[in-house]
Student: 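Let me begin by handing over the structure; questions about it come next.
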Protein chains: 2
Amino acid sequence: MKEKAVPKYMQVKQEIQAWFHNGTVKPGDLMPSENELAERFGVSRQTVRQAFGELEGEGWLSRIQGKGTFVSAPQAGHGEIVRTVGLITTYISDYIFPHIVRGAEAALRSKGYRLLLSSTDNDKGREREALEMMLGQPLSGLIIEPTKSAEGNPNLDLYLALEYRGIPYIMLNEQYPELDGPCLKTDDALGGCLAVRHLLALGHEKIAGFFKMDDMQGVNRLKGFRQAYREKGLAIQPDLVVQYTTEEKGAKPLETALALLSRENGRPTALVCYNDELAVQLMEIIRQSGLSVPEDVAVVGFDDSSLATATETKLTTLTHPKSVMGQEAVELLLRMIEGKLSKPKGKLYTPELIVRSSTKR
Amino acid sequence: MKEKAVPKYMQVKQEIQAWFHNGTVKPGDLMPSENELAERFGVSRQTVRQAFGELEGEGWLSRIQGKGTFVSAPQAGHGEIVRTVGLITTYISDYIFPHIVRGAEAALRSKGYRLLLSSTDNDKGREREALEMMLGQPLSGLIIEPTKSAEGNPNLDLYLALEYRGIPYIMLNEQYPELDGPCLKTDDALGGCLAVRHLLALGHEKIAGFFKMDDMQGVNRLKGFRQAYREKGLAIQPDLVVQYTTEEKGAKPLETALALLSRENGRPTALVCYNDELAVQLMEIIRQSGLSVPEDVAVVGFDDSSLATATETKLTTLTHPKSVMGQEAVELLLRMIEGKLSKPKGKLYTPELIVRSSTKR
DNA sequence: CGGTACAACATGTACATACAACATAAATTA
DNA sequence: TAATTTATGTTGTATGTACATGTTGTACCG
């Protein structure tokens, strides 16, 4: 997955396009001269010319020999009503995201809107690409699942461009702290809390937790995990809390689990997993360790995905709105688009614990 | 006599345009290389490039790195560049379809195209809705997975509209018999054949097959199923072939399997399942019948989905290109869009048998 | 015979230079 | 003062070089 081959003139072009979006330059303005930009970007004048040439071809700029280069007025559209909504998720193919997409698509189709889809693979650079691509043509509104929401927002300028252009948008699952638009999410802290309360009520004391810490969902689920302990006046054994990132998810949590499970004493009797995907992997690890679920080790997942019931031992997990979230996001967004909403408010879904056969005692 | 103000690149451009008009070159032709023209016109390669660049922008030429410059088909371009590709699948959220979408999205994003997504839920009415919606605004091309491809095509008029408007399209998985566009699919008959051959080689004789018959994939997989029997000179026991439709898939195959497995004598020793999804469900049925996989009953699935390895008993299954199919569909479509393909041809993927622990003896 | 490696050639990117054409404002001149 | 010239800065044209990247056919090798 290496695509570092972005030509300079393309970078220049995108940078300049960003100026249009965020209002650095306005229609009618005189652009800096080719030579000045060349020096500012550290490229040759020819390279700037190539970028300008494409932008002129696309109608963003108009050049007048001897005078300078000007920003074109936003082509007063063909008057056509745009009925297209963008959806940017972190992943498309994995896990619960297809259900979110599905819910959104169904709701949009029933309203006569088209769905533009893109994904970021949890990479902020790709998030930028996706936003720029969507902004390149007319758009009614946007639904975005933030990328690595716990780590800041380098694409803030593009979100401001959205607001500048009056395109409403909604966040899914988490909100960037820098922004204040509406957001639909689950009460992840409560979910973590419910999971641990359930296990404590079953008599478990050594409960290990595995959380992905580069998005707010993991952070909040861990927060709930700790809160449940506090409620009981218990202290958490630090080495039973495993934190990892997206990049590490293929190995670190599995290896750590294997190490924890092979302990002679102090072996955890229950695992709280960041999501069902990890839970299923850890159940496999448990089997390989010669232990069984739920007799030796109880397991709790998150999201109530299809994986939860595909395995032989059905997984105890917490619900996630999934397709309902996609659907309601669209409904809220369409009301914002149609201007029928004064102050859009997000929604906090309350997760429910589904007790199946992976927890006991 | 100061009319010498015609730039060289403009003269070159006009000269080349004359070739289009007087038939010196025809659409699809390969233009002489930049270097050759530069020499012929007595100008530098850069000057030729500038002329070519404008002609490309106006739609006369298309350039392919490494191959050459080609004369475009005369399309009544509104000049406006549309870079949006539609993708219509039967389902979005389930099974292998997210992977196809993912492959397509990644390929499109890297080429600067946007992806319009819709789904039909395997319903021809919704397929019509989706097509109409996509046709409602400018579109570069379309990738479609046919709905119930074994049952005819009531939306033929819309496909003809696509051709009339010069919008290229590609079929996935199956092709409507009425149409003859390019199609990417797997060799499902071979897949069915491989599955049965494998089981016969293991000594199984009573092999039951479960096939969804309202799309061509199921029909072809059954065809391969029967062919493998013929090769061995064996006859198929008719009641071991279970056919069902999308609407029946929730109950009929499961109930029939339960009935077959509870037979005193004549119980099948192996099941060939339309796909992994059904295979996992049938493995559950087998467990409920007090039997085990693969000791009592062997199971073969199709598509090598994530379900195949999520279960305790890993599933023997046949590969499906999945995301590669989405990616290659996009690559083919973009070449068609850019007019760089004279006669687009589909592709037939060869499935491979992945032997895991669900087959034995 | 089939696969690999490589050479040849196509377009793509980047930089450099030089001068021409044009617009504008300041300086000069009638 | 008004017209003209000049200086300066802009984009436009033209050419050069160099290397990167993608495609294709051929020669080679197993």
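As the structure is a computational prediction, the values presented were derived from the model and not from experiment. The chains referred to below are lettered A, B, ... by the order of the sequence lines, with proteins before strands, and numbering in each begins at 1.
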Student: For the side chain of B:Arg45, starting at C-beta, report the closest nucleotide among C:dC22, C:dT13, D:dA14.
Tutor: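 Among the listed nucleotides, the one closest to the side chain of B:Arg45 is C:dT13.
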Student: Under 4.0 Å between a side-chain nitrogen and a carboxylate oxygen: does that hold for B:Asp303 and B:Arg221?
Tutor: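 B:Arg221 and B:Asp303: salt-bridged.
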Student: Respond yes when some side-chain nitrogen or oxygen of A:Thr69 is under 4.0 Å from OP1 or OP2 of D:dT10, and no when none is.
Tutor: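 Negative; the distance criterion is not met.
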Student: I'd like to know if B:Glu34 and B:Arg63 make a salt bridge, using a cut-off of under 4.0 Å between side-chain N and carboxylate O.
Tutor: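 Result for this pair is yes, salt bridge flagged.
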Student: Whether the side chain of A:Gln46 and the base of C:dT17 hold a donor-acceptor pair under 3.5 Å is what I'd like checked.
Tutor: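 Per atom types, the contact qualifies.
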Student: Whole-Å distance between C:dG12 C1' and B:Lys111 NZ?
Tutor: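 So the two atoms are 13 Å apart, to the nearest Å.
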Student: Touch check for A:Phe52, heavy atoms < 4.0 angstrom, all strands: base, sugar-phosphate only, or nothing?
Tutor: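 Counting heavy atoms under 4.0 Å across all strands, no contact is made by A:Phe52.
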Student: Could you check which of D:dT13, D:dT23, C:dT13 has an atom nearest any side-chain atom of B:Lys67?
Tutor: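 Selected nucleotide: D:dT23.
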Student: Rounded to whole angstroms, how far apart are CZ on A:Phe70 and C1' on C:dT24?
Tutor: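 The answer, rounded to whole Å, is 12 Å.
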Student: Quickly work out the B:Glu56 CD to C:dT11 P distance and round it to whole Å.
Tutor: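 About 11 Å, once rounded to whole Å.
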Student: Measure from CG on B:Asn35 to C1' on C:dT11 and round the result to the nearest Å.
Tutor: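 The answer, rounded to whole Å, is 10 Å.
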Student: Just to be sure I understand the rule, does B:Glu34 reach a base, reach only the sugar-phosphate, or reach nothing, if contact means heavy atoms closer than 4.0 Å?
Tutor: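 Sugar-phosphate contact only - B:Glu34 comes under 4.0 Å of backbone atoms but never of a base.
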Student: Considering just the side-chain nitrogens and oxygens of B:Arg49, establish if one lies under 4.0 Å of OP1 or OP2 belonging to C:dG12.
Tutor: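 Checking B:Arg49 against C:dG12: at least one side-chain N or O falls below 4.0 Å of OP1 or OP2.
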Student: Atom CD of B:Glu39 to atom C1' of D:dG16: distance rounded to whole Å?
Tutor: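 About 16 Å, once rounded to whole Å.
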Student: Whole-Å distance between D:dT13 C1' and B:Tyr9 OH?
Tutor: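 Checked: the OH to C1' distance equals 8 Å.
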Student: State, without any angle test, whether B:Asp188 and B:Thr186 hold a side-chain donor-acceptor pair at a distance under 3.5 Å.
Tutor: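 Checked: B:Asp188/B:Thr186 side chains pair up, N/O donor to acceptor below 3.5 Å.
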Student: B:Gln65 or B:Gly42: which one's nearest nucleotide on DNA chain D is closer to the 5' end?
Tutor: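 It is B:Gly42 whose nearest nucleotide is closer to the 5' end.
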Student: Is it the case that atom CZ in B:Arg226 sees more than 12 heavy atoms from other parts of the structure closer than 6.0 Å?
Tutor: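 Incorrect, the count does not exceed 12.
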Student: Taking only side-chain N and O atoms of A:Thr47, does any of them lie within less than 4.0 angstrom of OP1 or OP2 on C:dA14?
Tutor: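 The answer is no; no side-chain N or O of A:Thr47 sits under 4.0 Å from OP1 or OP2.
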Student: So, is A:Ser44 close to the C:dA16 phosphate, meaning a side-chain N or O under 4.0 Å from OP1 or OP2?
Tutor: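 So the side chain of A:Ser44 is outside the cut-off, no N or O lying under 4.0 Å from OP1 or OP2 of C:dA16.
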Student: Is any NZ, NE, NH1 or NH2 atom of the basic residue among B:Arg102 and A:Asp121 found under 4.0 Å from an Asp or Glu carboxylate oxygen of the other?
Tutor: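 A salt bridge links B:Arg102 with A:Asp121.
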Student: Got a donor-acceptor pair under 3.5 Å from the side chain of B:Arg63 to the base of D:dG22?
Tutor: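 Side chain to base: no pair present.
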Student: Please give, in whole Å, the distance from D:dT11 P to A:Leu55 CG?
Tutor: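 To the nearest whole Å, that distance equals 14 Å.
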Student: What is the distance, rounded to the nearest whole Å, between atom CG of B:Leu37 and atom P of C:dC9?
Tutor: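 Taking CG of B:Leu37 and P of C:dC9, I get 16 Å after rounding.
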